[in-house]
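Written out below as structure tokens is the structure these notes cover.
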Amino acid sequence: MRRLLGFTLGFLTAIGGFLDIGDLVANSLVGARFGMSLAWVVPVGVVGVMLFSEMSGRVAAVSGRATFDLVRERMGARAGLVNLLASYVITLLTLAAEIGGVALALELASSVHHLLWVPVVAVLVWVVVWRLPFSWMEQTYGLLGLALVAFAVALWALGPDWGALLSGALHPAPPPGEAWSAWWYYAIAVFGAAMTPYTVLFFSSSGVEEGWTARDLARSRLNVFIGFPLGGLLALAIMGCAAVLFQPAGVRVEHLSQVTLPVAAALGRIGLVVVLVGVFAATFGAALEAALAGGYGVAQYFGWAWGKNRAPASAPRFHAVLLTTLLLATALILTSLDPIAVTEYSIVLSAAALPLTYLPILVVANDRDYLGDRVNSRFTNILATAYLALVLVVSVVTIPLMVYTKAGQ
Amino acid sequence: MAVAGRVRRAAAAALVLLAAGGCVPGPALTAAAYREHAAQSATGLLSAVRTGLIAGGLAADDRALPTVVDTAVSEAEDDARSIADSFGTRQPPHPASDLLRTRVAALAADAEDGLTELRIALRRGDADRAGTARRGLTATAAELESVVGEETAG
Amino acid sequence: MTVPDDDARPEPMRLGFTALDRQIYDADGRSVGKVDDIELSWDGTAARPVVTALLTGGAALGPRIAGRPGRLWAALLRRLRPDAPEPVRLPIGGVAAFRPAVRLSSPAPAEVWAVEDWLRDHVIGRVPGAGRADDNGR
């Protein structure tokens, strides 16, 4: 039973972390506009995030230290600070997008404008971080997030031409009337949504919070290797739903309401309610993770006491940073920026900043000082180096492509 | 390090300029650019109208929550309105473009009005009126589709 | 920053690698901070400078970060605490271990906790439930 409960950490990071507002929007948008022609990006992103999450989980379990706790020791104060600033800004943007996503989900359920929900959501996130024990938090949102399976059921119920979907996925090229530049731009968006840095930050820190030891290594790997591909399959289902319902109709996904329509079309009211619960849980879980990741990153850089498991009074600086982060993100979304636009920018910019997160992980995961003989295998290093090269290319081309395509128009 | 900083600053300034140049709605200088803009507007309008039709259809079949349908239709209406506004403010570069302008502007107005009508009918639970609005929107969508086809093909 | 190992020293110690930027825990296991800088003293008579203390806190970190980030950091700190704060000194004699993390042989001096105590007393500690946790950290 304990094992089963522990396994939900994998689900939380898979559904709440892998599937968040970024994945919901990016995959639906891409499916509607490009059909399944960008489906190949999802497995590429999933393997990447699995690879680097496994590494940071291993570092946490063997050394008892979170990955970014070690980044400064290995990379020095200056490189560490640059890294911290970049990942903090991206995490802040992601948090704003997730808070907006929760508010949009509540708007869909209530017809009350999402800006009115934003302060409510911010308070809820803070109360959960403040009061709810870590294990409860992950189990609640992990299990509720599984409601997003409704997208897979909906795709099945829509009765698509599976052959056409498969052939679309096997022909990676923009559909007629679409430019290569926009197609590549959204490939980066899907990639960035799958590899969001806060996921890895949260994953390694939560391993430390849960007190993983070398004996938990197998479980941590199981979480990653089962949980993340599951999230990837759901991402593909979201893309497929949009490809089936929206692409032939010429609908472009610009709102969260559109993301949920295929489920209503396939499964009716019940399905819609289930998927709204899933969207709420996934975005709320991701908001918790992003808020915590912001606090973890800063506290670990400066060596302060940190942790959600401790009494807040024993980690006041960590909680102060967390609260500030939450307030900043809330203020950002209250400026009435479109949450969907914030989401798109957050995933594309996190794609651009990926090397900053992933290079230090690779360095630390090869350090015998911390990991003894549990350092990366040659195979892992070859694969990870290939991903690092990929991520570097992505990071170089993202901004020029963003300007050239006017953010994918 | 200082050189790198300067290069970065220059690059950032260039990016801002480029982005600003790309975003500011100005007069379309050539007939081709105007047609491109018309096609983009028609694509956006088509997306809004079809979204309204899908949501309206779900409401008619009682397959969706009223709150979701209402949000989807209202958002589509807002999208149509902002596209119509931005298209209307573009100056056609040449008298020859006036025909295209009239056609797309009329379709934009139809889309906006149709979606407004649909939203009102759905909020009142008036199935007949919603049905009429959907028939109108279906016709608008078909015309928009042909505009998109003509302008992107040519 | 390396200690010269020109002659046959027993064990050359690369400070940048062994000490700098390491996490510091005190004797009670509390997270004190990172080793933000290292104090070397030379009284002019000895053959070479000796490491006398580890420095921690924002005031020690700022000068170490060159370029724009460092200047920004220093400016921010001046604004927050105008009375030119001194870094906290942890005398080298009180260090029990350097690796994998720095461990002190006694509880850390009170000034390490200045910000933490202020935040606890004025902000975080005032919120209901601040003292409750699964495992009380203190």
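Each chain gets a letter, A, B and so on, in the order the sequences are listed, and its residues count up from 1.
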Are any side-chain N or O atoms of A:Arg317 and backbone N or O atoms of C:Val115, one a donor and one an acceptor, separated by less than 3.5 Å?
no
Highest number of heavy-atom pairs under 4.5 Å with chain C among A:Ala315, A:Gly307, A:Ala299, A:Ala305 belongs to A:Ala305
CH2 of A:Trp130 to CD1 of C:Ile124: how many Å apart, nearest 0.5 Å?
5.0 Å
A:Pro312 to C:Gly129 - nearest heavy-atom pair and separation:
CD-O, 4.1 Å
With distance as the sole test, does A:Glu73 use its side chain to make a donor-acceptor pair with the main-chain N or O of C:Gln23 at under 3.5 Å?
yes
With a 4.5 angstrom heavy-atom cut-off, is it the side chain or the backbone of A:Tyr301 that approaches chain C, or both, or neither?
both
Given A:Leu323, A:Leu70, A:Asp369, the one with more heavy-atom pairs under 4.5 angstrom with chain C than any other is A:Asp369
Please state whether the side chain, the backbone, both or neither of C:Val35 comes within less than 4.5 Å of a heavy atom of chain A.
backbone
When you look at C:Asp21 and A:Arg78, which way does the salt bridge (charged side-chain N to carboxylate O under 4.0 Å, His left out) test go after all the steps?
CA-CA 10 Å; C:Asp21 292 315; A:Arg78 187 181 155 83; over 6 Å; no
Heavy-atom closest pair, residues C:Arg120 and A:Ser314:
NH1-CA, 4.2 Å
Region of C:Asp36 in contact with chain A, defined by heavy-atom distances below 4.5 Å:
both
Pair count under 4.5 Å, heavy atoms only, with chain C: among A:Arg72, A:Arg65, A:Met75, highest is A:Arg72
